[in-house]
Student: 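Below you will find the structure I want to go over with you.
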Number of protein chains: 2
Amino acid sequence: MAITIKDIAKRANVSTATVSRVINNKSEGISPQTREYIQSIIKELNYQPNALARGLITRKTSTIGLILPDITNPFFPDLVRGIEDAANKAGYSVFLGNSDDNAKKEKKYVQLMTEKKVDGIIFSSTAKYSKDLYDELIAADIPVVLIDRGESGDAYSGVYMKNEEGAYMATKHLLEQNHTRIGCISGPPSVQNSQDRVEGYKRALAEAGISVQESWIVSGGYRIDGGYEVARKMLADGEVTAIFACNDLMAIGVYEAAQELGKSIPRDVSVVGFDDIRLISTLMPKLTTIRQPAYQMGKEAAKILIQSIKKKGIKQKVVYWEPELMIRQSTTKL
Amino acid sequence: MAITIKDIAKRANVSTATVSRVINNKSEGISPQTREYIQSIIKELNYQPNALARGLITRKTSTIGLILPDITNPFFPDLVRGIEDAANKAGYSVFLGNSDDNAKKEKKYVQLMTEKKVDGIIFSSTAKYSKDLYDELIAADIPVVLIDRGESGDAYSGVYMKNEEGAYMATKHLLEQNHTRIGCISGPPSVQNSQDRVEGYKRALAEAGISVQESWIVSGGYRIDGGYEVARKMLADGEVTAIFACNDLMAIGVYEAAQELGKSIPRDVSVVGFDDIRLISTLMPKLTTIRQPAYQMGKEAAKILIQSIKKKGIKQKVVYWEPELMIRQSTTKL
DNA sequence: CTGAAAGCGCTTACAG
DNA sequence: CTGAAAGCGCTTACAG
């Protein structure tokens with residue numbers, strides 16, 4: 001058996017209450033001698049408090065949950081790292097759950113984490129029905145912060161990218177290079193951030209007085225092969241001189257399609273991506289893209305969550321991150 | 001307040017013991033009617049057991065810890081996903097910790113997880129001193145399984161790649177293409193799997209009757225820029241016609257150096273990597289590499305851990321995974 | 001400055 | 001088949 005507070009108390013000839021006080025640095029009302037004495041025997045016996053017992057009584061576990069679609073999507077590792085670093089620094093542990101944007105899995109994780117009494121949850125979900133989960137959590141007094149994907153508006157705390165703005169910048173960059181026939185490979189139609197990116201694309205075109213061709217906006221599902229499929233058609237048609245891919249993964253697909261069709265980037269097609277994920281630097285020519293500071297966003301989300309855990313009843317906080325256009329080699333003047 | 005087993009008991013006019021029994025599907029010794037009745041009111045009140053209280057008494061939390069160097073290293077997300085999937089399927093949650101291969105952080109995570117009473121830990125560490133942590137854990141009756149990196153031999157359960165074998169295959173492939181002057185960019189000298197890979201490289205050369213030049217073995221620290229630095233020198237010297245990079249990240253660095261020096265892959269240099277990480281497919285020409293099935297390895301590690309959690313006292317189990325040579329476009333006959 | 005006691009929400013022998 | 005009671009390892013008023 002592990003050694004407990006009772007063992008310490010017995011050994012030190014004090015009550016468990018006193019031991020508990022020194023462990024928690026409570027009320028100065030404790031003589032320096034006993035404090036030191038108890039501390040010495042805590043060290044001697046290498047005592048480690050049982051977090052379950054403590055959590056049961058304090059109703060705080062210093063644990064947070066993180067539910068995201070898929071850690072394997074290269075956008076997420078940096079996000080997770082940011083969350084983990086900030087959480088750990090503040091003394092919190094994090095539970096990880098991959099939902100695959102699947103309602104059942106999300107629900108299961110929420111339940112699991114709730115039973116394990118997490119102090120709060122960071123949620124990245126695209127699903128419409130997830131709203132019920134957020135509400136449930138909040139009703140149970142478990143703070144939630146949404147990240148990257150989620151409900152627009154400020155009903156919930158959240159950390160997002162200015163997706164519309166980023167897409168606008170990407171498209172405008174293309175327009176400034178004299179492109180007018182610009183394809184847009186969007187993400188899954190149901191995903192909010194994809195819709196926002198499409199909006200930004202449209203706004204840039206509209207501003208430039210170019211009428212939007214709905215046939216130039218096609219979903220590639222945020223996946224490499226989706227981007228590839230869509231790009232193959234767009235490029236074969238030759239309708240378009242530039243492509244804005246709503247994420248980098250799909251931009252990779254565009255590169256593959258271009259290579260297959262013997263088209264050169266940027267000479268034959270200019271392409272802009274979105275995310276600036278790690279290892280995108282291996283693409284040649286280097287991809288011009290919209291940078292999303294995943295690590296920072298994760299860090300911020302964790303901070304907000306921990307704040308609202310500590311000061312109960314804090315009202316929600318929403319942060320929108322500024323996109324940044326990283327001009328590299330995949331675009332050129334027409 | 002959340003609703004408790006007491007509330008259920010009161011409402012159902014039974015004792016908490018009975019409620020507990022139906023929750024845990026215990027001893028058939030319970031009448032179908034009461035069981036059903038209690039279940040109905042559990043559902044009605046949407047009762048969720050408190051895992052802290054349960055864990056406190058059962059000494060099982062259905063939680064495992066995962067400590068790895070850095071989720072941001074592209075080798076790990078798949079590993080994590082494999083672990084998470086297997087764990088979740090078996091009803092376990094996972095705590096994530098990034099150690100940066102740093103002794104203090106590792107120790108901190110072990111302590112945190114121990115206090116939170118994880119049932120077991122999956123550990124990926126390169127550090128020599130981590131051995132003490134494993135022993136501590138095992139002494140505290142917390143099963144450990146090492147993954148990818150760790151103590152060689154079978155003192156601990158572990159899931160590893162046959163690193164020596166993989167490197168041997170990579171090098172042999174190069175030899176079969178008539179290369180004899182083959183550079184080796186190794187990982188950090190202290191990392192076991194890097195040492196093993198270097199051994200495999202040496203064995204292949206020895207077998208081919210080629211004397212090993214120690215000056216051709218240089219560490220790139222498993223990082224892109226490290227691979228780049230080393231490759232720049234190797235390629236500038238022109239001493240070498242092929243490079244075996246001990247991981248894909250460093251192979252990326254080789255590509256960058258080659259491009260900068262105006263050398264063509266594979267015409268001027270052949271290169272083989274190790275890992276077959278995601279997105280390596282974006283490298284052009286496509287990288288020939290040794291495939292490491294990260295997802296499967298993670299899954300296996302979780303299964304082994306859960307097994308040893310369930311059947312206490314099971315003796316350790318060590319699994320070595322077979323490497324696979326993925327021949328693509330970065331190597332050619334001399 | 002310190003202790004006795006109650007209680008957090010469960011499970012599990014032990015009775016009956 | 002079911003209940004009373006003890007106990008897991010802590011913390012926290014309440015006394016003194």
Side-chain angles (χ1 to χ4, degrees), chain A residues 1-39 41-42 45-63 111-112 114-119 140-141, chain B residues 1-39 41-42 45-63 111-112 114-119 140-141:
Chain A
M1 283 306 82
I3 101 130
T4 74
I5 205 176
K6 259 190 205 161
D7 302 318
I8 306 287
K10 196 173 296 172
R11 177 80 164 258
N13 257 312
V14 294
S15 72
T16 60
T18 302
V19 176
S20 174
R21 280 181 198 113
V22 352
I23 289 167
N24 295 296
N25 275 308
K26 274 285 166 57
S27 59
E28 288 304 331
I30 198 166
S31 81
Q33 303 96 294
T34 36
R35 179 180 296 274
E36 262 175 49
Y37 180 52
I38 291 173
Q39 268 162 349
I41 102 141
I42 282 175
L45 267 51
N46 188 225
Y47 166 71
Q48 292 193 325
N50 180 324
L52 300 179
R54 174 180 287 171
L56 188 56
I57 197 152
T58 61
R59 297 177 177 292
K60 283 278 166 275
T61 55
S62 294
T63 298
Q111 181 170 340
L112 221 56
T114 305
E115 289 183 357
K116 292 186 179 171
K117 302 299 169 193
V118 295
D119 292 339
D141 213 25
Chain B
M1 283 308 82
I3 100 128
T4 74
I5 204 176
K6 259 190 202 161
D7 302 318
I8 306 288
K10 195 174 296 174
R11 177 78 163 259
N13 256 310
V14 294
S15 72
T16 59
T18 303
V19 176
S20 174
R21 280 181 198 113
V22 352
I23 289 167
N24 296 294
N25 274 308
K26 273 287 165 59
S27 59
E28 287 306 331
I30 197 168
S31 82
Q33 302 96 292
T34 36
R35 178 180 296 274
E36 262 176 50
Y37 180 52
I38 290 174
Q39 267 162 349
I41 104 142
I42 282 176
L45 267 50
N46 189 224
Y47 164 71
Q48 293 193 325
N50 180 324
L52 299 179
R54 176 179 288 172
L56 187 56
I57 197 149
T58 61
R59 298 177 176 292
K60 283 277 166 276
T61 55
S62 293
T63 298
Q111 182 172 341
L112 220 58
T114 305
E115 289 183 356
K116 292 186 179 171
K117 301 299 168 192
V118 295
D119 292 339
D141 213 25

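Chain naming here is simple, since letters A, B, ... match the order of the sequence lines and numbering starts at 1 in each.
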Student: Do A/T114 and A/Q111 have side chains that approach each other closer than 4.5 Å (heavy atoms only, starting at C-beta)?
Tutor: no
Student: Whenever both distances are under 3.5 Å in a Watson-Crick or G-U wobble pair, mark it; put DNA chain C into dot-bracket that way, with [ ] for crossing pairs and | when the partner is on another strand.
Tutor: |||.||||||||.|||
Student: According to side chain to side chain contact (heavy atoms under 4.5 Å, CB included), who are the partners of A/I42, at least two apart in sequence or on a separate chain?
Tutor: A/I8, A/V22, A/I23, A/I38, A/Y47
Student: To the nearest Å, how far apart are B/R59 CZ and D/dG9 C1'?
Tutor: 8 Å
Student: Grab the CG-P distance between B/N50 and D/dC10 for me, whole Å please.
Tutor: 16 Å
Student: Could you pull out all residues at least two apart from B/T61 that satisfy side chain to side chain contact (heavy atoms under 4.5 Å, CB included)?
Tutor: A/L52, B/T63, B/K117, B/D119
Student: Please give, in whole Å, the distance from D/dT2 C1' to B/Y37 OH?
Tutor: 16 Å
Student: Provide, to the nearest angstrom, the distance between the NZ atom belonging to A/K6 and the P atom belonging to D/dC10.
Tutor: 10 Å
Student: In whole Å, I'd like the distance from the NZ atom of B/K117 to the C1' atom of D/dG9.
Tutor: 9 Å
Student: Quick one: does any side-chain atom of A/D7 pair with a main-chain N or O of A/T4 as donor and acceptor, under 3.5 Å?
Tutor: yes
Student: Under the side chain to side chain contact (heavy atoms under 4.5 Å, CB included) rule, collect the residues that match up with B/K10, sequence neighbours excluded.
Tutor: none
Student: Search all heavy atoms of B/A9 against all heavy atoms of B/S15 and return the closest pair with its distance.
Tutor: CB-C, 3.8 Å
Student: Examine distances only and state if a side-chain atom of B/T58 and a backbone atom of B/R54 form a donor-acceptor pair shorter than 3.5 Å.
Tutor: yes
Student: Would you say D/dG9 has OP1 or OP2 under 4.0 Å from some side-chain N or O of A/T4?
Tutor: no
Student: Given atom CG of A/L56 and atom P of C/dC10, what is their separation to the nearest angstrom?
Tutor: 9 Å
Student: Does any part of the side chain of A/I5, heavy atoms only, come nearer than 4.5 Å to the side chain of A/P49, both counted from C-beta?
Tutor: no
Student: Test of understanding: with side chain to side chain contact (heavy atoms under 4.5 Å, CB included), list the residues that count as partners of A/A140, not counting sequence neighbours.
Tutor: A/I142
Student: Looking at D/dT2, I'd like to know if its phosphate oxygens (OP1 or OP2) sit under 4.0 Å from a side-chain N or O belonging to B/T34.
Tutor: yes
Student: Rounded to the Å, how far apart are B/D7 CG and C/dG9 P?
Tutor: 9 Å
Student: Rounded to the Å, how far apart are B/N13 CG and D/dG3 C1'?
Tutor: 13 Å
Student: Treat primed atoms plus P, OP1 and OP2 as sugar-phosphate and everything else as base, then score nucleotides 11-16 of chain D 5' to 3': B for base contact with protein heavy atoms under 4.0 Å, S for sugar-phosphate contact only, - for none.
Tutor: BBB---
